[in-house]
Amino acid sequence: MAGARMTMRKDLSQAFLTHAGWGSAARAFLSGDASDRSYDRLHRGDETAVLMDAPPGKGDDPADFIAIADHLRGLGLSAPAILARDLPNGFLLLEDLGDAVYARVIDADPAQELPLYQAAADVLLRLQAAPPPPALPDLQAADWAEAAAFALDWYRWSITGERVETTPFIACLTDCLARHADGPRVMILRDYHAENLLWLPERAGLARVGLLDFQLAQMGQPAYDLVSLLQDARRDVSAQIEAAICSRFRDANGTTDAAFAASYAALGAQRALRILGIFARLCIHAGKPGYLRLMPRVWGQLQRNLAHPALAPLATLCADLLPPPTPDRLARIAAQCPTP
């Protein structure tokens with residue numbers, strides 16, 4: 001059955017590319033991610049483009065990608081141009097922004113870390129200063145807290161095999177977010193990190209930062225995308241860089257040190273809790289165990305956020321409910337991952 005679906009998607013994508021004038025292009029798998037999307041790079045002579053395959057009904061609507069991309073480009077930011085589209089079947093042909101993702105550029109030249117992260121923070125400031133597009137989802141503190149309960153429903157459960165009542169946890173995190181991270185909303189991109197940002201030095205100003213994976217954009221708190229950038233599940237950001245970029249962002253927004261620190265910690269805790277649950281679910285439900293190796297880093301980020309005095313009640317709850325991701329516990333989760 002899975003093989004038949006893959007063949008059907010390939011035939012549909014080939015028909016789409018033929019209609020777009022790229023039917024003879026050579027195709028090479030470029031990437032996949034935690035969703036059901038996948039990407040192929042196309043070569044047609046000296047030209048390249050990227051095919052996005054987003055199967056309908058899987059939660060990611062290419063129409064959302066187009067709307068957000070149009071908005072970002074209207075602000076002078078570098079989202080991929082849309083070259084062709086087949087929305088009913090879930091295909092987009094995108095401008096190829098290249099391979100210079102932040103993580104790769106910084107690994108090759110660590111001296112680039114500070115200027116690249118400064119540019120990424122400045123993109124957020126530009127994005128958040130502009131009016132957002134209409135009708136973006138706008139969740140409340142309780143919704144964000146409920147999303148973080150994935151840490152109990154999947155991460156804790158995958159280790160202990162026990163279900164626990166989540167209501168006290170959700171109430172505690174809701175109160176924390178409402179007190180410290182529930183002010184005026186701005187547009188957030190949600191997955192704003194070094195694997196979704198590209199360095200385009202041939203462009204000018206903020207356009208040097210290429211943007212990917214923004215179709216789930218919504219309204220949120222100013223520090224949320226900054227947390228996503230600086231508390232990256234996939235790579236370590238030095239404490240010095242994190243402090244410098246937070247200071248740059250805080251000063252530009254005119255936020256006091258105390259208010260910013262509490263908001264940053266609360267949003268960081270929410271994000272880390274949700275990610276722990278998502279990574280466990282991706283292993284057990286989607287057969288993707290590779291995310292387990294990232295859990296110790298996310299756990300460390302969670303503990304740093306919970307150390308903020310404003311989060312003391314949540315820290316106590318988490319200490320009671322969540323076991324650390326030790327090697328034997330990670331092996332226990334991995335053992336539940338279905339084999340192909």
Side-chain angles (χ1 to χ4, degrees), residues 1-6 9 29-39 53-60 103 143-173 190-191 193-196 213 216 227-228 231-236 268-306 314-340:
M1 183 65 72
R5 285 197 297 268
M6 290 179 62
R9 292 299 296 172
F29 178 73
L30 183 58
S31 69
D33 56 24
S35 74
D36 289 290
R37 291 188 311 275
S38 64
Y39 300 85
D53 180 348
K58 298 294 186 178
D60 289 335
D143 301 311
W144 288 99
E146 186 172 352
F150 261 41
L152 304 181
D153 292 337
W154 286 98
Y155 171 72
R156 182 185 190 278
W157 170 78
S158 67
I159 292 172
T160 67
E162 301 171 350
R163 296 294 183 188
V164 65
E165 173 56 53
T166 61
T167 301
F169 171 87
I170 293 173
C172 182
L173 182 51
R190 293 189 54 182
D191 285 317
H193 56 72
E195 297 289 348
N196 284 336
D213 199 11
L216 296 180
V227 169
S228 178
Q231 296 188 10
D232 193 332
R234 293 163 178 80
R235 70 177 304 271
D236 294 317
Q270 187 276 341
R271 181 173 172 82
L273 287 162
R274 183 170 178 269
I275 289 174
L276 286 172
I278 288 173
F279 284 174
R281 186 178 187 274
L282 283 169
C283 176
I284 295 171
H285 183 72
K288 297 180 178 181
Y291 291 95
L292 298 183
R293 65 181 176 81
L294 305 177
M295 280 186 173
R297 178 181 292 114
V298 177
W299 179 264
Q301 293 163 351
L302 173 63
Q303 300 312 306
R304 285 168 45 212
N305 290 312
L306 292 176
L314 180 64
T316 299
L317 265 183
C318 289
D320 290 341
L321 293 171
L322 298 176
T326 57
D328 62 313
R329 288 170 177 149
L330 292 177
R332 194 175 307 166
I333 301 174
Q336 301 170 64
C337 182
T339 56

>> Donor-acceptor pair, distance only, cut-off 3.5 Å: does the side chain of Arg37 make one with the backbone of Ala54?
In response: no

> Does the salt bridge (charged side-chain N to carboxylate O under 4.0 Å, His left out) test come out yes or no for Arg281 and Asp153, once each step is laid out?
Replying inline: CA-CA 9 Å; Arg281 186 178 187 274; Asp153 292 337; over 6 Å; no

> Can you check whether Val227 reaches Gln270 side chain to side chain, under 4.5 Å on heavy atoms?
Replying inline: no

>> Just verifying a value: how many Å separate Arg329 CZ and Leu292 CG, rounded to the nearest 0.5 Å?
In response: 14.5 Å

> Looking only at heavy atoms, what is the nearest atom pair of Ala334 and Cys283, with distance?
Replying inline: CA-SG, 4.1 Å

> Is there a donor-acceptor pair closer than 3.5 Å between any side-chain N or O of Arg271 and the backbone N or O of Arg190?
Replying inline: yes

> Do Leu302 and Val298 have side-chain heavy atoms sitting under 4.5 Å apart?
Replying inline: no

> In chain order, what residues pass the salt bridge (charged side-chain N to carboxylate O under 4.0 Å, His left out) check against Asp143, with sequence neighbours excluded?
Replying inline: none

Quiz: residues 315-328 side-chain donor-acceptor pairs under 3.5 angstrom, not counting sequence neighbours:
| unit_1 | atom_1 | unit_2 | atom_2 | d |
| --- | --- | --- | --- | --- |
| Thr316 | OG1 | Ala312 | O | 3.2 |
| Thr326 | OG1 | Asp328 | OD1 | 2.5 |

> Mind checking what makes salt bridge (charged side-chain N to carboxylate O under 4.0 Å, His left out) contact with Asp53, not counting sequence neighbours?
Replying inline: Arg9

> Above 12 or not: heavy atoms from other molecules or residues under 6.0 Å from CD of Glu146?
Replying inline: no

>> Tell me every residue that passes ring-ring contact (aromatic ring centres under 6.0 Å, His included) with Trp157, counting only those two or more places apart in sequence or in another chain.
In response: Trp154

> Going from CG on Leu294 to CH2 on Trp299, what distance comes out if it is rounded to the nearest 0.5 angstrom?
Replying inline: 16.0 Å

>> Could you work out, with ring-ring contact (aromatic ring centres under 6.0 Å, His included) as the rule, every residue matching Phe169, not counting sequence neighbours?
In response: none

> Given side chains that start at C-beta, do those of Arg234 and Tyr291 come closer than 4.5 Å, heavy atoms only?
Replying inline: yes

> If you take all heavy atoms of Asn196 and Asp191, which pair is closest and at what distance?
Replying inline: ND2-O, 2.8 Å

>> Could you report the tightest heavy-atom contact between Ala103 and Glu195, atom names first, then the distance?
In response: CB-OE2, 3.5 Å

> Sequence neighbours excluded, which residues qualify as salt bridge (charged side-chain N to carboxylate O under 4.0 Å, His left out) partners of Arg293?
Replying inline: none

> Considering only heavy atoms from C-beta outward, does the side chain of Ile333 approach that of Met295 to under 4.5 Å?
Replying inline: yes

> Where is the tightest heavy-atom contact between Gln336 and Ser158, given as atom of each residue plus distance?
Replying inline: NE2-O, 2.6 Å

> What is the minimum heavy-atom distance between Glu162 and Arg156, and which atoms define it?
Replying inline: O-NH1, 3.4 Å

>> If I take atom CD1 from residue Ile170 and atom CG from residue Leu152, how far apart are they, to the nearest 0.5 angstrom?
In response: 8.0 Å

> Where is the tightest heavy-atom contact between Asp232 and His193, given as atom of each residue plus distance?
Replying inline: OD2-CB, 3.5 Å

